[in-house]
Colleague: 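Quick one: the structure is below, questions incoming.
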Amino acid sequence: MATEVAPPAAAPTDERMRRVSWTTKLLVRPEIGALIGVVLVWVFFAIVAREHHFVSWAVTGTILNRAAPLGILAVAVALLMIAGEFDLSIGSILGFSGMAIMLLVTPTSGGGFGWTLWPAIALSLALAMLTGAFNGAVVVATKLPSFIVTLGTLFIFRGLTIAVTRLRTNRTQLGGLESVPGYELAHKFFGSSVTLFGTQFGVAILWWVLLTVIATWLLLRTRAGNWIFGTGGAVDAARNVGVPTRRVKILLFMTTAFAAWLVAVIQAVSFTGADTLRGTGQEFQAIIAAVVGGCLLTGGYGSAVGAAFGALIFAMVQQGIVITGVDGDWLRVFVGASLLGAVIFNNFVRRRAAAR
C-alpha cells in the first residue's frame, strides 16, 4: 500500500524582507525628476519653437555652452547640499577669482601688478581655496547655519572685489587678457571650442561633464561618498562611527570655491576680461539647479547627475525664451515655479517610496 508523502513545508518568510518594484527603485533615484523635466522641457520647446529651429545643432550647441558654467557650479553645490550645508558665496567667489586674475596681469601703469597669466591663475586658485576653507572653518567652529555664514561672506568677498579693484584701477571692468603672456595656452585649456555639425561646442562642456562624472563616482563608489551622505543624513551618528564630519564639510566648501574659480577662469579667458559684478545671482541658480536635480534642503540625499540635469533645464528654458521672443522676465517665474515644484515632487516621491 502506497504511502502519501507530505509536501515539504514552505520556508518561513522574513517579514522584514519585501520586494521592491522596479518603478519604486527608479522613482527613489534623486535625478529621475530632473530627467523627466529635461524631456518635458525639450518636447515643449521642440513643439512651440519648431519654426525657430529649436531642434537643431546650432541651438543644441548654444544650450550646452550656456548650461556648462552653471552645471559646474551646480555639481559642486549638490555635493555640499548632500552634506547638509549651503554656500551662498559661490557667486561672489567667482567674481573675486576672475578679478584677482585681471588685477594681477594688468600692467603696473594701469594699477595692476604686471604678472604673466599662469602665475596669476595659480594665485587666484590659492585665494579661492582659502576662501572656501574659511567658509568651512567658520561653519564647523561656530556651528552657525551655513546659510548665515556664507550670506555674510557673499557680501565680504563681493565688497572686497569692488573696493580693491576701484582702489587700484579706478574701474570695475578690466580687459586685454589676450595680450598677456601665457594666454594662448590658457585659451586651449579654458576657452577653446570644437566645431561639430557646423556648431561650436566650448571646452567648458568637457569640464562640466568631467566634474559630473568625478562627483558621481565619488558619491557612489568611494568611502568619501558614504561620508558625504552620512554627514548630511545623520551627522551625529556619522561622527560616532568615525566619520570626520568637520573635515568633510571644510573640503566640500573648498570644492564649491574650486568650481567658482574654474568658471571664473573659463569666463575670463573666453571674454578676455572680468567684471566685479560677474557671478551675481549665480549662487541661487546653482542651488535651484541642485534642488531641481533631486537634492533635499535638509541634506543626506541628492545626485550630481541630477544637478547637471537641473542646469540643462535652465539653459533650455533660457534659450527657448530667447528664440521664441518671449519677455525674459518670465524666466524668473519659471525659476520660482521649478524650485517649488521640485521640492514638492521630491518629497512626494520619497514618501510614496517609503510607504511601499
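Residue indices begin at 1 and follow the sequence shown.
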Colleague: Nearest heavy-atom pair of S270 and F190: which atoms, and what distance?
Modeller: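 Closest pair (atom of S270, atom of F190, distance): OG-O, 3.9 Å.
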Colleague: Are I228 and V235 co-members of a hydrophobic cluster defined by side-chain heavy atoms under 4.5 Å apart?
Modeller: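 Unlinked, V235 and I228 end up in two clusters.
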Colleague: Determine, using the 4.5 Å side-chain heavy-atom cutoff (strictly less than), whether L210 and L220 are members of one ILVMFWY cluster.
Modeller: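 No, because L210 and L220 fall into different hydrophobic clusters, even though each may have its own neighbours under 4.5 Å.
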Colleague: What distance separates I93 CD1 from M129 CE, expressed to the nearest 0.5 Å?
Modeller: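 The distance works out to 10.5 Å.
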Colleague: Quick one: does F113's side chain get under 4.5 Å of T108's, heavy atoms only?
Modeller: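 No. Closest side-chain heavy atoms not under 4.5 Å.
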Colleague: Before you tell me yes or no, could you show the steps for F253 and T131 under side chain to side chain contact (heavy atoms under 4.5 Å, CB included), namely the whole-Å CA-CA distance, both residues' side-chain angles and the distance that decides it to 0.1 Å?
Modeller: CA-CA 9 Å; F253 274 106; T131 60; over 6 Å; no
Colleague: Heavy-atom count check: over 12 atoms from other residues, nucleotides or ligands less than 6.0 Å from F134 CZ?
Modeller: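 12 or below, so no.
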Colleague: Does E283 have any salt bridge (Lys or Arg N to Asp or Glu O under 4.0 Å) partners at least two apart in sequence or in another chain, and if so, which?
Modeller: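 With sequence neighbours excluded, E283 shows a salt bridge (Lys or Arg N to Asp or Glu O under 4.0 Å) to no residue whatsoever.
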Colleague: Give, for atom CG of L103 and atom OG of S124, the distance between the pair rounded to the nearest 0.5 Å.
Modeller: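 Answer rounded to 0.5 Å: 11.5 Å.
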Colleague: Could you check whether any side-chain heavy atom of V241 comes within less than 4.5 Å of a side-chain heavy atom of V243, counting everything from C-beta outward?
Modeller: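 Yes, close enough: below the 4.5 Å cut-off.
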Colleague: Hey, quick one: are V77 and L262 part of the same hydrophobic cluster, counting side-chain heavy atoms closer than 4.5 Å, chains of contacts allowed?
Modeller: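 In one cluster: yes.
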Colleague: For residues 304-325, please give each side-chain donor-acceptor pair under 3.5 Å, one per line with the distance, not counting sequence neighbours.
Modeller:
unit_1	atom_1	unit_2	atom_2	d
Q319	OE1	R66	NH2	3.1
T324	OG1	G320	O	2.6
T324	OG1	I321	O	3.3

Colleague: Below 4.5 Å, heavy atoms only, C-beta onward: do V105 and T116 meet side chain to side chain?
Modeller: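 Side chain of V105 against side chain of T116, heavy atoms only: no contact under 4.5 Å found.
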Colleague: Hey, does Y183 have a side-chain heavy atom less than 4.5 Å from the side chain of T272?
Modeller: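 Sidechains of Y183 and T272: in contact.
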Colleague: Look up atom CD1 in I82 and atom OG in S303, then write down how far apart they are to the nearest 0.5 Å.
Modeller: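 That separation rounds to 7.0 Å.
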Colleague: What distance do L160 atom CG and F155 atom CZ have between them, rounded to the nearest 0.5 Å?
Modeller: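 Those atoms lie 13.5 Å apart.
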Colleague: Between CG of L88 and CG of L151, what distance do you get to the nearest 0.5 Å?
Modeller: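 Reported to 0.5 Å precision, the distance equals 6.0 Å.
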Colleague: If I compare all heavy atoms of A76 with all of T256, which pair ends up nearest, and what's the gap?
Modeller: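 Minimum heavy-atom contact is O-CG2, 3.6 Å.
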Colleague: Quick check: are there more than 12 heavy atoms from other residues, nucleotides or ligands sitting under 6.0 Å from CD of Q200?
Modeller: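 No, because the 6.0 Å sphere around CD of Q200 holds 12 heavy atoms or fewer from other groups.
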Colleague: Within the structure provided, determine whether I266 and W261 are in side-chain contact (heavy-atom separation under 4.5 Å).
Modeller: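 No. Closest side-chain heavy atoms not under 4.5 Å.
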Colleague: For A83 and L252, which heavy atoms make the closest approach, and how far apart are they?
Modeller: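 Nearest heavy atoms, A83 then L252: CB-CD1, 3.4 Å.
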Colleague: Between L117 and L177, is any pair of side-chain heavy atoms under 4.5 Å apart?
Modeller: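 Result yes, sub-4.5 Å side-chain heavy-atom pair found.
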Colleague: So which atom in W208 and which in T212 form the shortest heavy-atom distance, rounded to 0.1 Å?
Modeller: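 Looks like O-OG1, 2.8 Å.
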Colleague: Is there a chain of hydrophobic side chains (I, L, V, M, F, W, Y, each step under 4.5 Å between heavy atoms) that links L104 to L125?
Modeller: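 No, no single cluster joins them.
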Colleague: Check whether any side-chain N or O of R278 sits under 3.5 Å from a backbone N or O of G95 as a donor-acceptor pair, and report yes or no.
Modeller: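 Such a contact is absent between R278 side chain and G95 backbone.
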Colleague: Does W207 use its side chain to pair, donor to acceptor, with the backbone of F189 at less than 3.5 Å?
Modeller: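 Checked: pair present.
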Colleague: Step by step, work out the side chain to side chain contact (heavy atoms under 4.5 Å, CB included) result for T222 and W217.
Modeller: CA-CA 7 Å; T222 68; W217 171 79; 3.6 Å; yes
Colleague: Can you tell if the side chain of L94 reaches within under 4.5 Å of the side chain of Q267, non-hydrogen atoms only?
Modeller: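 Touching, per the 4.5 Å side-chain cut-off.
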Colleague: Is the backbone N or O of F201 less than 3.5 Å from a side-chain atom of N65, with the two atoms forming a donor-acceptor pair by type?
Modeller: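 Pair absent, no side-chain N/O of N65 close to backbone of F201.
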Colleague: Could you list the donor-acceptor pairs under 3.5 angstrom formed by side chains in residues 162-173, with sequence neighbours left out?
Modeller:
unit_1	atom_1	unit_2	atom_2	d
T165	OG1	T161	O	2.6
R168	NE	G111	O	2.9
R168	NH2	G111	O	3.1
R168	NH2	G112	O	3.3
T169	OG1	T165	O	2.7
T169	OG1	R171	N	3.2
Q173	NE2	D275	OD2	2.8

Colleague: Side chain to side chain contact (heavy atoms under 4.5 Å, CB included) between R239 and T231: does it pass, once the steps are laid out?
Modeller: CA-CA 8 Å; R239 188 183 300 112; T231 300; over 6 Å; no
Colleague: Can you name the closest pair of heavy atoms from M81 and A290 and give their distance?
Modeller: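 So the two residues come closest at SD-CB, 3.8 Å.
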Colleague: State whether the side chain of T199 and the backbone N or O of T195 hold a donor-acceptor pair below 3.5 Å, judged by distance alone.
Modeller: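 Not confirmed, T199 side chain does not pair with T195 backbone.
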Colleague: With the side chain counted from C-beta on, respond yes when Q282 and L70 share a heavy-atom pair under 4.5 Å apart, and no when they do not.
Modeller: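 Yes. Closest side-chain heavy atoms under 4.5 Å.
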Colleague: For M254 versus G132, what's the shortest heavy-atom pair and its separation?
Modeller: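 Closest heavy-atom pair between M254 and G132: CG-C, 3.9 Å.
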Colleague: Is a donor from one side chain sitting under 3.5 angstrom from an acceptor on the other, for S146 and D87?
Modeller: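 Checked: S146/D87 side chains show no N/O donor-acceptor pair below 3.5 Å.
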Colleague: Are T153 and N135 linked by a side-chain donor-acceptor pair shorter than 3.5 Å?
Modeller: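 Per modelled atom types, T153 and N135 side chains form a pair under 3.5 Å.
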Colleague: Count I, L, V, M, F, W, Y as connected when their side-chain heavy atoms are under 4.5 Å apart, and connections chain through other members. Are W42 and I36 then in the same cluster?
Modeller: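 As far as the 4.5 Å side-chain criterion goes, I36 and W42 are connected within one cluster.
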Colleague: Give, for atom CH2 of W118 and atom CD1 of I101, the distance between the pair rounded to the nearest 0.5 Å.
Modeller: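 Between atom CH2 of W118 and atom CD1 of I101 there are 10.0 Å.
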